[in-house]
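Let me begin by presenting the structure, written as C-alpha cells, before commenting on it.
We count ligands from 1, going down the list as the structure has it; atoms in each ligand are counted the same way.
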Amino acid sequence: MKALISGFEPFDGDAINPSKELVTQVLPQKVGDWELEGVILPVSFERAFPTLKEAIELHQPDLVLAMGVAKNRIQVSFERIGINWMEARIPDNEGFQPKGQKIIKDGPDGIFTSLSLTNIMDISREKKLSVEISNSAGTYVCNRLMYELQMHSQKRSISSGFVHLPPCPEMRGESLKSMSVPEVWETLKSVLFFS
Ligand code: PCA
C-alpha cells in the first residue's frame with residue numbers, strides 16, 4: 001500500500017509552514033506496510049492541484065493526505081468538506097486574489113472527504129490525541145486543493161482527505177497554542193496507519 005502526503009510552501013510572510021516541515025524533515029519512507037511519498041505544493045490557487053495530480057500520477061497511491069497550516073487551529077484538524085468557492089483575504093504566492101467565484105463553474109457545491117472521520121475520531125478519543133473535525137476548510141488555497149483532490153480521487157477510487165495543522169512553535173506570531181511537527185506526525189501516524 002502506498003500513501004502520498006503533501007505539504008505547502010510558506011505563505012503570508014511566514015518563513016516556515018509545518019506541513020512542509022513534516023514532509024521534508026519528519027516523514028519516514030515506510031510505516032508498517034505502507035510506503036510513504038511526499039510532495040511540496042506551491043501556495044497557488046491555479047498550480048497547487050496540478051502539482052499534486054502529477055505526483056498522484058507518478059506514485060499511484062492508495063491514499064492521499066493533503067496538509068496545510070491554519071494559524072487559528074489548536075489541534076490536528078481533519079476537514080470534512082471542500083466547497084466550490086474561492087475568496088481570499090490575501091493574495092496567494094503568485095499574486096492571485098479571487099474576490100468570490102466558483103472553482104469549477106458547473107461543479108457540485110461541495111464534496112466530502114472519503115476518509116472515515118468517525119474511525120479517526122474513535123481512535124483519537126481512545127488514544128487521547130489532539131484531533132478534531134472541521135466543517136470548513138475556508139475559501140483559500142487549501143479549500144480549493146481539497147475540492148479538486150476529492151473530485152479527482154472520487155473518479156479514481158483513491159481514498160483522500162485534507163488536514164489543517166496548528167502552527168508549530170517556530171512560526172512567527174503569537175499563537176497561544178502550537179504543536180511540534182514531530183508530535184503532529186505521531187498523531188497522524190496513529191489515526192491513519194494505526195501505528
Ligand atoms: N494554508 C493555506 C494555504 C497554504 C496553507 O498551508 C490555507 O489554509 O488555505
Within the 4.0 Å heavy-atom shell around [X], which atoms of ligand 1 are there?
X	result
Val141	9 (O)
Phe8	4 (C), 5 (C), 6 (O)
Tyr140	2 (C), 3 (C), 7 (C), 9 (O)

Counting non-hydrogen protein atoms only, what is the nearest one to [atom]? Give residue, atom name and distance.
atom	answer
atom 3 (C) of ligand 1	Cys142 SG, 3.2 Å
atom 8 (O) of ligand 1	His164 NE2, 2.8 Å
atom 1 (N) of ligand 1	Val69 O, 2.9 Å

Centroid separation under 6.0 Å, is that true for the rings of Phe49 and His152?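 Centroid separation for His152 and Phe49: below 6.0 Å.
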Exercise. How about Tyr140 and Phe45: are their ring centres within less than 6.0 Å of each other?
Worked result: yes
Does any pair with a residue in residues 19-35 pass salt bridge (charged side-chain N to carboxylate O under 4.0 Å, His left out), and if so which ones, sequence neighbours excluded?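 Pairs touching residues 19-35 that pass the test: Glu9-Lys20.
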Distance-only N or O hit between ligand 1 and Ser19, under 3.5 Å
no
Report task. Might you point out which heavy atoms bring Ala88 and Gln97 nearest each other, and give the distance in Å? Result ->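 So the two residues come closest at O-NE2, 3.1 Å.
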- Should the heavy atoms of other residues, nucleotides or ligands under 6.0 Å from CD of Gln154 be counted, would the total exceed 12?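 Not buried by this count: 12 neighbours or fewer within 6.0 Å.
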Test log, rule salt bridge (Lys or Arg N to Asp or Glu O under 4.0 Å), inputs Glu46 and Arg144 | CA-CA 9 Å; Glu46 296 297 328; Arg144 174 161 177 177; 3.7 Å; yes
